Amino acid sequence: MSNYPAFLIIAPLFAACLTATAGWIRRSLSFPLAVSGLTVSFLSSLGIAARVLASGKFQYSMGGWAPPLGIVLELDYLNTPFLVVVSGAALVSLIATRQFVEKEQEAKAPAFYALMVLAVTGMLGMVATGDAFNLYVLLEISSITGYALVASGDRLAPLASLRYLLLGTIGASFYLLGVGLLYMLTGTLNMADLSRLLPPLYGSNAVLAAFLLILCGIWLKAALFPLHAWLPGAYSHSSHASACLLAPLMTKVMIYVMLRVMLSVFTPAYIFDHLSLEGFVVTLASVAVAAGSVMALAQRNLRRMAVYIVIAEVGYMVGGAWLGNQTGITGAVLHALNDVLMTLCLFLAIAAVAGRTETLDFKDLNGLFGKMPFTMGALVLGAMSIIGVPPACGFFSKWFLLQGAIEAGRFDFMAALLFSSLINVVLFFRVFEYALYSDGHMHKQEEHGQTGIQEAPLSLVISLWVAVAGILAVGFCSGPIVRMFIQPALL
Amino acid sequence: MDAIIEIAIAKYNYWMYISLMMIGLYAIIAKNNFVKKIIGMNILQTAIILFYISISAKRGATIPIIRHAEGHGHEAVNAMEYMNPLPHVLMLTAIVVAVATLGVALALTVRLYARFETLEEDEINDQIREAQ
């Protein structure tokens with residue numbers, strides 16, 4: 001079928017509308033509708049991947065208007081793996097978090113599902129689109145729904161969401177301004193057309209201003225270290241359902257947007273030959289990796305720790321992309337894909353634990369291995385991937401990043417990566433230590449009658465192990481993924 | 001000196017949008033009250049809308065609608081003689097986005113006020129600190 005790209009975006013868009021309206025008629029209708037919308041997206045992304053593998057990249061002109069006048073979806077080697085991973089992870093987290101939504105949102109559950117599906121629509125659109133302004137609109141679709149999703153959480157969630165909204169709007173406005181400058185210079189908004197028209201203008205200061213504005217906007221949305229202030233609050237106070245959906249996807253999709261802008265709108269020749277920014281950006285990324293890890297070490301709560309790990313991981317990918325060699329960019333792309341799965345696994349495990357213990361402070365995790373063996377087993381495997389233990393996927397992308405750092409002679413970035421890996425070991429083994437041994441504190445709890453902790457619900461455990469299977473599958477298939485998708489994308 | 005004045009006058013639309021943008025950013029960063037921050041956010045978005053609209057303008061150009069343009073439709077045929085409609089169309093979308101963002105922001109402010117009974121950021125921070 002040639003219309004997969006349209007279904008990819010239209011199916012969840014309509015599903016979101018239907019989910020919300022069906023909720024007025026009968027609440028139980030909305031969840032299957034939301035799931036079917038995302039299932040269609042996932043299957044379409046598989047169809048797109050099959051077609052790209054069989055016959056190379058292709059364009060889908062919306063409404064039959066040819067580019068550059070019409071709006072196109074560009075499906076190529078770079079974004080098809082992102083489409084598969086993003087739609088798959090979104091589907092898994094939607095199914096896994098159902099009970100949280102039903103319990104916390106009650107009558108508003110249909111609206112919440114609609115928001116979740118709409119956020120994914122925006123993300124898939126951002127990954128697929130070949131139009132710079134469309135990207136802004138889709139970015140705002142997923143951001144605005146993201147603000148609403150973050151706002152439903154504990155007592156501090158509206159505050160975190162409002163801060164996220166203010167910073168996110170600054171980021172999106174910067175992106176829009178940069179696109180405006182590019183439009184002034186070239187008269188086009190189509191990415192392929194931009195990259196064709198821009199090279200003669202590379203000396204211009206306006207191009208430099210546009211590039212920097214776009215980059216700053218994207219970094220703000222991706223929460224690169226000094227611009228990360230919104231992320232810890234937004235992902236640690238929101239409800240578990242929103243955190244499981246947004247934390248794995250939003251920052252990684254923004255990293256994809258950065259790669260797309262670097263590779264498809266501008267060219268590596270411009271970024272690495274005309275500008276000499278890479279030294280600064282890689283240093284910034286090294287600082288981000290180190291700072292994220294150290295801040296994670298300072299937390300005494302499992303969820304807040306995970307949030308700072310996300311910040312450190314953003315540094316990995318930005319640094320890899322700016323190393324300026326093919327190995328580094330390969331590592332960044334592969335790590336973005338892996339990180340979706342690893343973060344999904346981590347946040348689902350955290351949600352599963354929180355669903356049973358109510359609190360996530362380290363001291364309350366005592367003896368969890370005995371009570372929730374499947375959840376904790378999945379957490380161990382997810383943690384191994386984040387640390388970078390083969391054959392989990394995190395090892396391979398980190399290997400590429402390290403190799404890229406050595407090729408580029410950036411030993412500070414290499415040191416930051418190794419330092420962060422070691423800190424991750426400490427972080428997770430501290431959690432495992434608390435969870436493996438039950439001490440006197442535990443008995444006190446038993447006396448208070450809190451022994452009823454048992455394994456998480458089946459749907460959540462199965463989703464969690466689907467994420468783990470994804471981690472292992474991507475780990476074992478790292479070679480083919482790099483060979484079939486990432487290397488052709490970087491040619 | 002003349003050169004500076006010339007730049008200031010010839011490119012006044014850029015000065016306007018940059019000033020508005022800085023006012024907006026200042027309000028978001030420096031103001032203590034969340035409603036003022038939200039107003040700053042809206043000024044920032046409006047500044048960018050102004051930027052887009054101003055780049056579509058041309059001296060002596062008419063509107064890009066054949067029937068309603070000056071010269072009974074003859075002038076709106078050549079691209080030279082009418083304003084570029086695309087930035088206007090783009091900004092319709094951006095206005096919708098700005099309205100949606102504002103709506104979400106105001107809804108969050110209502111929630112915030114219901115929980116803290118104030119919208120001053122420092123007072124909210126004090127309350128959070130006391131609660132811990």
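Within every chain, numbering begins at 1; the chains are lettered A, B, ... in the order of the sequence lines, protein sequences first and strands thereafter. Small disclaimer: the values here were computed from a predicted structure and weren't measured.
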Part of [X] within contact of chain A (heavy atom distance under 4.5 Å):
{"X": "B:L90", "value": "both"}
{"X": "B:N42", "value": "neither"}
{"X": "B:Y14", "value": "side chain"}

A:F133 vs B:T93, test: side chain to side chain contact (heavy atoms under 4.5 Å, CB included). Steps then yes/no. CA-CA 10 Å; A:F133 187 79; B:T93 318; 4.1 Å; yes
Only heavy atoms, only distances under 4.5 angstrom. Which residues in residues 163-185 of chain A are near chain B?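 Heavy-atom contacts from residues 163-185 of chain A to chain B are A:R163, A:L165, A:L166, A:T169, A:I170, A:S173, A:F174, A:L176, A:L177, A:V179, A:G180, A:L181, A:Y183, A:M184.
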Within 6.0 Å of [atom1] in [X], more than 12 heavy atoms from elsewhere:
{"X": "B:K58", "atom1": "NZ", "result": "yes"}
{"X": "B:M22", "atom1": "CE", "result": "yes"}
{"X": "B:D122", "atom1": "CG", "result": "yes"}

For B:R115, the side chain to side chain donor-acceptor pair (under 3.5 Å) test, sequence neighbours excluded, returns none
Among A:P158, A:S152, A:S161, side-chain contact (heavy atoms from CB on, under 4.5 Å) partner for B:R111: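 Considering A:P158, A:S152, A:S161, a side-chain contact (heavy atoms from CB on, under 4.5 Å) with B:R111 is found only for A:P158.
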Distance check, rounded to the nearest 0.5 Å: B:T109 atom OG1 versus A:L159 atom CG? 10.5 Å
When rounded to the nearest 0.5 angstrom, what is the spacing between CD1 in B:I128 and CZ in A:R155?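 Interatomic distance, B:I128 CD1 to A:R155 CZ, rounded to 0.5 Å: 7.0 Å.
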Heavy-atom pairs under 4.5 Å with chain A, option from B:L108, B:I29, B:V104 with the top count: B:L108
Heavy atoms only: give me the nearest A:I144-B:A100 pair and the separation to one decimal.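 In this case the closest contact between A:I144 and B:A100 is CD1-CB, 3.8 Å.
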Before you tell me yes or no, could you show the steps for A:L156 and B:F116 under side chain to side chain contact (heavy atoms under 4.5 Å, CB included), namely the whole-Å CA-CA distance, both residues' side-chain angles and the distance that decides it to 0.1 Å? CA-CA 10 Å; A:L156 296 180; B:F116 295 98; 3.7 Å; yes
